[in-house]
Amino acid sequence: MASPRTITIVALSVALGLFFVFMGTIKLTPRLSRDAYNEMKRAYKSYVRALPMLKKMGVSSILLRKSIGSLEVACGIVMTLVPGRPKDVANFLLLLLVLAVLFFHQLVGDPLKRYAHALVFGILLTCRLLIARQPEEQPPDKRVLSVNGDEQPPAHEAAAEKGKMKVS
């Protein structure tokens, strides 16, 4: 049976992955929701206006929106379907992306209700990454009591210590 830690990581990975695939798709195409797509277009125009440095670098609101949307979709797919280390890399990239989006919202002075979802999903990404990076807990060694009541190490430790000389 899977450990609670594994179940938590898988559940968070799938939920977060699907959320970011959905949000990235909304940024890329109006097929899911025309209103949300138009709102994203308007928001990214205000982000580029607030950061003239982006315009100087040749980054338009369309390029910014489509690149962020594509990265969200790609990382969301990895979070949902790919096992192992790539999932942690996708988690980290999405966390950086959420931080950038929070910065954009603060820059243009959006109210909390406009970016609360980004804040919540940033916290969830952080939790998933922290849980995934913690080592798996090993069960404690079983000690065997000898006839006289002294603890004896497990057989594999006793075999390893058999050839060692004790120095006092």
Phe103 and Met53: same hydrophobic cluster, using ILVMFWY side-chain contacts below 4.5 Å? yes

Donor-acceptor check, side chain of Arg5 to backbone of Ala132, threshold 3.5 angstrom: yes or no? yes

Connected hydrophobic set around Val78, excluding itself, where side chains approach under 4.5 Å: Val82

Answer yes or no: is there a donor N or O on one side and an acceptor on the other, between the side chain of Thr29 and the main chain of Thr25, under 3.5 Å? no

Atom pair CG/OG of Leu51 and Ser61 - distance to nearest 0.5 Å: 12.5 Å

Under a single-linkage definition using a 4.5 Å side-chain heavy-atom cutoff for Ile, Leu, Val, Met, Phe, Trp and Tyr, are Ile123 and Leu99 assigned to the same hydrophobic cluster? no

What is the distance from atom CG of Leu94 to atom OG1 of Thr126, rounded to the nearest 0.5 Å? 11.0 Å

Within one Ile-Leu-Val-Met-Phe-Trp-Tyr cluster: Val73 and Leu95, side-chain cutoff 4.5 Å: no

Rounded at 0.5 Å granularity, tell me how far CD1 in Ile62 sits from NZ in Lys27. 15.5 Å

Do Val108 and Tyr47 have side chains that approach each other closer than 4.5 Å (heavy atoms only, starting at C-beta)? yes

Hydrophobic cluster identity match, Val89 and Leu71, side-chain contacts under 4.5 Å: no

What are the two closest heavy atoms between Pro83 and Pro86, and how far apart are they? O-CD, 3.6 Å

Pair Arg34, Asn38 - check side-chain contact (heavy atoms from CB on, under 4.5 Å), show working. CA-CA 6 Å; Arg34 182 163 300 283; Asn38 290 333; 3.6 Å; yes

Using a 4.5 Å cut-off on heavy atoms from C-beta on, say whether the side chain of Arg128 contacts that of Lys87. yes

Taking side chain as C-beta onward, heavy atoms only, is Val14 less than 4.5 Å from Leu18? yes

List the residues meeting side-chain hydrogen bond (donor to acceptor under 3.5 Å, both in side chains) with Tyr44, not counting sequence neighbours, and say none if there are none. none

From NZ (Lys66) to CD1 (Ile68), nearest 0.5 Å: 13.5 Å

If the test is side-chain contact (heavy atoms from CB on, under 4.5 Å), which one of Phe22, Phe19, Phe20 qualifies with Glu72? Phe20

Derivation and outcome, side-chain contact (heavy atoms from CB on, under 4.5 Å), residues Leu125 and Met79: CA-CA 11 Å; Leu125 284 167; Met79 291 273 297; 4.2 Å; yes

Once you round to the nearest 0.5 Å, how far does CE of Met23 lie from CG of Leu28? 11.5 Å

Ignoring hydrogens, what is the shortest heavy-atom contact between Ala50 and Pro52? Give both atom names and the distance. O-CD, 3.3 Å

So with a 6.0 Å cut-off around CZ of Arg42, is the heavy-atom count from everything else above 12? yes

Are Leu81 and Val10 connected in the hydrophobic side-chain network, where two residues link if heavy atoms are under 4.5 Å apart? no

Gly76 and Val21 have their tightest heavy-atom pair at C-CG2, 3.6 Å

Over all atoms of both residues, closest heavy-atom pair of Ala90 and Cys75: CB-O, 3.7 Å

Would you say the side chain of Phe121 lies within less than 4.5 Å of the side chain of Leu124, judging by non-hydrogen atoms? yes

Pair Ser3, Thr6: side-chain N/O donor-acceptor within cut-off below 3.5 Å: yes

What pair of heavy atoms forms the shortest contact from Val101 to Ala118, and how long is it? CG1-CB, 4.5 Å

Assess whether a salt bridge exists between Arg114 and Glu39, defined as any Lys/Arg side-chain N lying under 4.0 Å from an Asp/Glu carboxylate O. yes

Point-to-point distance, once rounded to the nearest 0.5 Å, from CG of Leu12 to CG of Leu129: 11.0 Å

